[in-house]
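One structure below.
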Amino acid sequence: MVMGVRRVRHVKLPVTDLARSVAWYRALLGLELAAEFSEQGNVRGAQLVDPDGGYAIALRERRFCASRPDLTGFDPFALEAESTEVLHRLAERCDALGVKHGGVQDRGEWGAHLDIPDPDGTVLRFLAHNVIGAGGFLGVDFDGEGQVSTYSTPRLERP
């Protein structure tokens, strides 16, 4: 059944220093500042958009979020890159800006990814040639050494 939902409008991330994070995301990804959100005259959030309209990232000062979420070390979303070459260019951009990253991890037929922690440690994951998509199922199992095996019957669906 088609629900009429077209795309993710934006993701929202908690940050400890809004101005620093806005500058970081804009420098790394070339995003534009589209909106600021103030409370009693104090800016507490911002929305950054891709100039080509592909995605948006909203940021909110953590101390003004419900439950003070901390996503350190976690990748709450992934952005799809057109190719592995794009991932390499993004890694080079990180190097030029002095931004730490995990390097491009090419898993061959399983695609490639690049992880970049933001100033708060939240991991931005960039994927290229990802094999998971609508219209099928793929179970992926990583062993203790990071080796991949697959399975074809969902384990979450019970008969």
Side-chain angles (χ1 to χ4, degrees), residues 1-107 110-138 140 142 154 156:
M1 173 166 106
V2 177
M3 301 297 296
V5 177
R6 296 181 11 209
R7 66 184 172 126
V8 172
R9 176 70 177 99
H10 71 260
V11 296
K12 186 185 295 184
L13 299 174
V15 298
T16 56
D17 184 328
L18 184 61
R20 174 187 69 178
S21 292
V22 165
W24 187 89
Y25 278 87
R26 292 187 72 197
L28 179 67
L29 300 175
L31 301 176
E32 296 177 355
L33 179 62
E36 290 180 348
F37 301 95
S38 295
E39 296 169 6
Q40 293 82 44
N42 297 303
V43 179
R44 302 289 187 228
Q47 183 160 346
L48 306 171
V49 298
D50 171 46
D52 295 327
Y55 64 97
I57 297 175
L59 305 172
R60 173 119 172 114
E61 285 187 343
R62 182 180 296 153
R63 64 189 173 129
F64 296 100
C65 295
S67 77
R68 311 292 192 276
D70 185 346
L71 301 174
T72 303
F74 185 68
D75 57 317
F77 64 95
L79 296 169
E80 187 171 358
E82 294 176 356
S83 67
T84 303
E85 178 55 38
V86 170
L87 299 181
H88 285 287
R89 286 197 312 262
L90 186 53
E92 290 170 4
R93 183 176 180 99
C94 286
D95 293 340
L97 293 170
V99 172
K100 294 181 182 180
H101 59 85
V104 175
Q105 306 298 310
D106 193 336
R107 294 183 182 253
W110 304 108
H113 75 271
L114 171 65
D115 288 347
I116 306 171
D118 78 359
D120 288 294
T122 301
V123 176
L124 304 182
R125 177 160 283 182
F126 296 86
L127 301 172
H129 309 297
N130 191 279
V131 297
I132 299 171
F137 173 81
L138 175 65
V140 182
F142 295 92
L156 292 173

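- In this structure, the side chains of Leu18 and Arg44 stay at 4.5 Å or more apart for every pair of heavy atoms.
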Evaluate Glu80 against Arg7 for salt bridge (Lys or Arg N to Asp or Glu O under 4.0 Å), listing each step before the verdict. CA-CA 13 Å; Glu80 187 171 358; Arg7 66 184 172 126; over 6 Å; no
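- With rounding to the nearest 0.5 angstrom, the CG atom of Asp106 is 12.0 Å from the CG atom of Leu114.
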Verify side chain to side chain contact (heavy atoms under 4.5 Å, CB included) between Leu28 and Leu90, making sure each step is shown before the conclusion. CA-CA 8 Å; Leu28 179 67; Leu90 186 53; 4.1 Å; yes
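- Note that CZ of Arg107 and CZ of Phe142 are 5.0 Å apart. Values are rounded to the nearest 0.5 Å.
- The closest side-chain heavy-atom distance from Asp95 to His101 is below 4.5 Å.
- Using a 4.5 Å heavy-atom cutoff, the side chains of Cys94 and Ile116 are in contact.
- Atom CD of Glu39 sits in a crowded spot, with more than 12 heavy atoms from other residues, nucleotides or ligands closer than 6.0 Å.
- The closest donor-acceptor contact from the side chain of Arg60 to the backbone of Phe64 lies under 3.5 Å.
- Taking OG1 of Thr16 as the start and CD of Glu61 as the end, the distance is 9.0 Å to the nearest 0.5 Å.
- The heavy-atom pair separating Ile57 from His10 by the smallest distance is N-CB, 4.4 Å.
- You'll find the side chain of Leu31 reaches within 4.5 Å of the side chain of Asp50, heavy atoms only.
- With rounding to the nearest 0.5 Å, the separation of CH2 in Trp24 from CG in Leu29 is 6.5 Å.
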Between Arg20 and Asp120, is a salt bridge (Lys or Arg N to Asp or Glu O under 4.0 Å) present by the stated rule, with each step listed? CA-CA 10 Å; Arg20 174 187 69 178; Asp120 288 294; 3.4 Å; yes
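- For the pair Arg9 (side chain) and Ala56 (backbone), a donor-acceptor distance under 3.5 Å is absent.
- How far OH of Tyr55 is from CZ of Phe77: 8.5 Å, rounded to the nearest 0.5 Å.
- Glu36 contributes atom CD, which lies 10.0 Å from atom CG of Leu48 (distance to the nearest 0.5 angstrom).
- Residues Thr122 and Pro76 are in side-chain contact: their nearest non-hydrogen atoms beyond the backbone lie under 4.5 Å apart.
- Put simply, the side chain of Ser83 gets close to the backbone of Val86: a donor and an acceptor are under 3.5 Å apart.
- Minimum interatomic distance between Ala27 and Arg93 (heavy atoms only, all atoms of both residues): O-NH2, 2.6 Å.
- Side-chain N or O atoms of Asp52 include none that pairs as donor or acceptor with a backbone N or O of Gly54 at under 3.5 Å.
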Under the side chain to side chain donor-acceptor pair (under 3.5 Å) criterion, do His113 and Asn130 qualify, and how do the steps go? CA-CA 9 Å; His113 75 271; Asn130 191 279; over 6 Å; no
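- A donor-acceptor pair under 3.5 Å is formed between the side chain of Arg62 and the backbone N or O of Pro69.
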Would Asp115 and Leu124 count as a side chain to side chain contact (heavy atoms under 4.5 Å, CB included) here? Give the steps. CA-CA 6 Å; Asp115 288 347; Leu124 304 182; over 6 Å; no
